[in-house]
Amino acid sequence: MFEARLLRSSILKKVLEAIKDLLTQATFDCDDNGIQLQAMDNSHVSLVSLTLRADGFDKYRCDRNISLGMNLSSMSKILKCAGDKDTVTMKAQDNADTVTFVFESPNQEKVSDYEMKLMNLDLEHLGIPETEYSCTIRLSSAEFARICRDLSQFGESIVISCTKEGVRFSASGDIGSANIALAQTASVDKEEEAVVIEMEEPVTLTFACQYLNYFTKATSLSPQVQLSMSADVPLVVEYRIPDIGHIRYYLAPKIDD
Amino acid sequence: GTTQGRLDGFFKVQ
């Protein structure tokens with residue numbers, strides 16, 4: 001028996017919003033520790049890695065490890081039926097071919113259940129090597145979303161360049177070019193608005209705007225985002241989801257011809 | 001110009 005209950009359905013709704021542009025289907029691997037999802041998009045340019053820890057749920061029970069293959073557009077349709085303040089419970093029997101979502105209104109006067117067919121997905125677990133990154137940049141997630149949106153008007157790529165002076169985001173195309181430079185903040189009123197840079201070596205890499213914009217769909221999950229870069233390896237864009245886990249996106253850089 | 005890289009090769013199938 002698998003059962004996971006969240007007091008607010010909004011976290012699960014936001015998680016779905018944050019992955020459904022990249023993935024059409026994915027396996028939720030559930031064990032004692034919580035729920036893990038790891039999948040590459042169809043073109044193998046990006047990878048999503050989601051962790052929801054068991055201790056972040058209001059109730060969590062997983063008697064046997066279970067892999068729930070879900071069609072994410074179907075799951076998204078079902079989660080749209082939940083009110084933001086509803087409690088959501090995901091349930092599946094061992095060896096089940098369906099998963100059930102139960103939504104309860106705050107006063108318990110409305111209880112809905114939705115049963116969804118599971119999919120048999122080929123399990124391809126990827127080992128993500130431990131990497132020491134040359135640069136890590138922490139900034140407001142809303143600021144990062146705005147930068148990606150603004151620069152997308154200029155071209156298909158964003159160049160991210162991190163030095164000890166700060167981080168620069170650049171784009172260029174038919175209408176001209178744009179540069180946004182952020183310096184490390186000396187002092188801020190709100191910690192989540194700080195720009196914090198840790199740099200061992202300067203790094204400059206080029207990434208596709210389209211994917212960065214997909215990643216920023218996770219903005220509402222976390223006030224801050226962390227970018228990790230090293231030469232010639234995938235960028236990591238991490239949103240920590242308060243009290244329950246994180247979503248990490250990996251993106252292969254563009255290569256100079 | 002630039003070409004979009006792929007993740008294959010960075011991550012090993014377990």
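A, B, ... follow the sequence lines: proteins, then strands. Residue 1 opens every chain.
- Closest approach of A:Ala252 and B:Leu7 over heavy atoms only: N-CD2, 3.7 Å.
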Report all side-chain donor-acceptor pairs from residues 143-150 of chain A shorter than 3.5 Å, counting only partners two or more places apart or in another chain.
from     : atom 1 : to       : atom 2 : distance (Å)
A:Arg146 : NE     : A:Asp150 : OD2    : 3.2

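- To the nearest 0.5 Å, atoms CG (A:Leu251) and CD (B:Gln4) are separated by 6.0 Å.
- Residues of residues 206-215 of chain A having a heavy atom under 4.5 Å from any heavy atom of chain B, listed by number: A:Ala208.
- With values rounded to the nearest 0.5 angstrom, A:Asp257 atom CG is found 3.5 Å from B:Thr3 atom OG1.
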Under 3.5 Å donor-acceptor pairs involving side-chain atoms of residues 164-172 of chain A, not counting sequence neighbours:
from     : atom 1 : to       : atom 2 : distance (Å)
A:Glu165 : OE1    : A:Thr163 : OG1    : 3.3
A:Ser170 : OG     : A:Asn179 : OD1    : 2.7

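- In this structure, A:Asp232 places its CG atom where only 12 or fewer heavy-atom neighbours from other residues, nucleotides or ligands lie under 6.0 Å away.
- Between A:Tyr250 and B:Phe10, the distance separating the two ring centers is not shorter than 6.0 angstrom.
- Interface with chain B: from residues 33-48 of chain A, residues A:Met40, A:Ser43, A:His44, A:Val45, A:Ser46, A:Leu47 qualify, criterion being any non-hydrogen pair under 4.5 Å.
- For the 3.5 Å distance criterion, the side chains of B:Thr2 and A:Asp256 fail to qualify, holding no donor opposite an acceptor.
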